[in-house]
Amino acid sequence: MCEDDHGIGRRALFVTGAAAALTLGSVSFASGAPATGQETRTVRGTLPTGSPDFVYVPVEVPSGVQELRVAYTYEKPAVPAGTPGNALDIGVFDERGTELGGRGFRGWSGGARTEFFVRADDATPGYIPGPVRPGTWHIALGPYTVAPGGLPYEITVTLTYGEQGKTPRPAYPPARAKGRGWAWYRGDCHLHSWHSDGRRTPAEIAALARAAGLDFINTSEHNTHSAHPHWADQAGDDLLIMLGEEVTTRNGHVVALGTDPGTFVDWRYRARDNRFGRYAREIRRAGGLVVPAHPHATCVGCNWKFGFGEADAIEVWNGAYTPDDEVALADWDSMLVASVRGGSRSWIPAMGNSDAHRDPDPVGTPQTVVLADDLTREAVQEGIRAGRSYVAESKSVSLSFSAAGPRGEHAGIGGRLRVADDAPVTVRLEVTGAPRCSARFVTDQGVLFTSAVLPVSGSGTVEWQTTAQYAAYVRAELRHEAALGPLPGPLAAFTNPIFLGA
């Protein structure tokens, strides 16, 4: 075993745009590598407060390496209340380099693992199998937060020499399942397995998705696409499995929903770097949707700072309904108001997902219910993009929401009822599976109607009369009984809007 310290004088600082990346002194192994056996190097250092978002440790890999294995530890001292402690993420790039775009990307586990390996025939979940070729690899460290006294770390790199195995040919789930034609399909598009910081296997998630009454799911591991080949045997006629990534930046997270198999989307930028548009377009070129996730979440780096100009939809409801979801719902509604009052016909639909990681996180709470041509990737994405959807807390809740004009005109969720401004409009909501809930009709003027509490059967029909002059759009919210006086109760379901007027 060889040990080394990363001294301040040995590091080089590379600046790209507004973001800085620190490259430390390299870890070297003998160029004349043995045919078999192992070699290990250990390096130590301390990252100061104010460190760049990413710190790279070069590893000089000789030829003849069968496996690269990395283990790391870092100190987590107690800090005063309100002061960030130490948190250090990790990943690796191969000899193709660390340039943005990820050509050399070979895996990322964030803070979920303390060690990983990569070899031709296998890799730790979160990492990509493939040949361990000679050249300069880079261990990527992400000092998520650094305590006032700095972040002391230790990295151990072990190379195993020998003949490399064969890299498996990836198999991916089909982009189509057996659907019901033009119908409502239930899905959860934000899920985590053990390929990032989740604790469930793909098989466990698929079983829970079926139990939750889902027709489709989307994989969304943090900053890696390693799970994509591990879902094929979980798909079936009853479950469409789409592939994606949760692009986890320091200024917010975005779900790449339904990208082509094997698509990696880089995450190493902040809003000030003006790079998000490039990667949003990359998601779309790969056939995916751009969905900012939990935009008002309170965790470090979770709050969305990139704006919504590139969004195809917004994840308004994330997991158990909490105050930050209420803020996200109000913010999204304000965006609808700005859209209709600005004369724009474009708007951003809302959706909801579970963001389930581990027990007891329920898969499919909430779930987005989409009206689609069929159970295919493209049809589901089109339904989401068009706003033909509503969000329900479980499979028990079903809604039918429509608006009708005086001459038989009719529009459903995400549509437009084309009537004169003063023409009478009947808004109708049919509900099942929502005992003791109240319906609210929300417009650009605010909440204009609240129904009586539904019976314990959970079924009922609510109607309301309005005009396009009075309401430029109307959407429905189904809420549980309030625990505190006049405050609205938590959501049981909500719809995307119906727009009124010519």
*Asks:* Do any pairs count as a salt bridge (charged side-chain N to carboxylate O under 4.0 Å, His left out) and have a residue in residues 114-140, sequence neighbours left out, and if so which ones?
*Replies:*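 The answer is E67-R119, R69-E115, D94-R133, E95-R133, R119-D121, R119-D122.
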
*Asks:* Apply the ring-ring contact (aromatic ring centres under 6.0 Å, His included) test between Y127 and each candidate in F116, F105, F117; give the one that qualifies.
*Replies:*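 By the ring-ring contact (aromatic ring centres under 6.0 Å, His included) criterion, Y127 pairs with just one of F116, F105, F117: F116.
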
*Asks:* For H138 together with F93, are the ring centres under 6.0 Å from each other?
*Replies:*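 Ring-ring flag for F93/H138: false, centres at least 6.0 Å apart.
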
*Asks:* Using modelled atom types and a 3.5 Å cut-off, is there a donor and acceptor pairing between side-chain atoms of H228 and backbone atoms of G244?
*Replies:*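 A pair under 3.5 Å: yes.
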
*Asks:* Using modelled atom types only, decide if a donor and an acceptor are shared between the side chain of D215 and the backbone of R186 within a distance under 3.5 Å.
*Replies:*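 The answer is yes, because a donor-acceptor pair under 3.5 Å joins these two groups.
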
*Asks:* State plainly whether the residues R284 and E310 are in salt-bridge range, i.e. N to O under 4.0 Å.
*Replies:*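 So R284 pairs with E310 through a salt bridge.
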
*Asks:* Could you tell me whether D260 and R285 make a salt bridge, using a distance below 4.0 angstrom between a side-chain N and a carboxylate O?
*Replies:*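 Looking at R285 together with D260, the answer is no, because their closest N to O distance does not fall below 4.0 Å.
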
*Asks:* What heavy-atom pair brings I139 and I155 nearest, and what distance separates the two atoms?
*Replies:*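 Closest approach of I139 to I155: CD1-CG2, 3.9 Å.
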
*Asks:* Angle class for the Y390/W184 ring planes (parallel below 30°, perpendicular above 60°, tilted otherwise)?
*Replies:*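 Correct class here is tilted.
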
*Asks:* For F54, does the six-membered ring have the charged nitrogen or CZ of R250 within the cation-pi criterion, i.e. under 6.0 angstrom from the centroid and within 45° of the normal?
*Replies:*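 R250 over F54 ring: yes.
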
*Asks:* Considering all heavy atoms of both residues, which atom of R176 and which atom of L240 are nearest to each other, and what is their separation?
*Replies:*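 In this case the closest contact between R176 and L240 is N-CD1, 3.7 Å.
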
*Asks:* Partners of D238 by salt bridge (Lys or Arg N to Asp or Glu O under 4.0 Å), sequence neighbours excluded?
*Replies:*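 Here the qualifying residues are R210.
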
*Asks:* For the pair F306 and W304, name the ring-plane relationship: parallel under 30°, tilted 30 to 60°, perpendicular over 60°.
*Replies:*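 Answer is tilted, since the angle falls between 30° and 60°.
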
*Asks:* Backbone N or O of C189 within a donor-acceptor pair of the N353 side chain at under 3.5 Å?
*Replies:*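 Yes: the side chain of N353 pairs with the backbone of C189.
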
*Asks:* Between L257, V254, I283, T259, which is the residue that forms a side chain to side chain contact (heavy atoms under 4.5 Å, CB included) with L289?
*Replies:*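 That would be L257.
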
*Asks:* For a 4.5 angstrom cut-off between non-hydrogen side-chain atoms, does S354 reach L191?
*Replies:*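 Side-chain contact under 4.5 Å: yes.
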
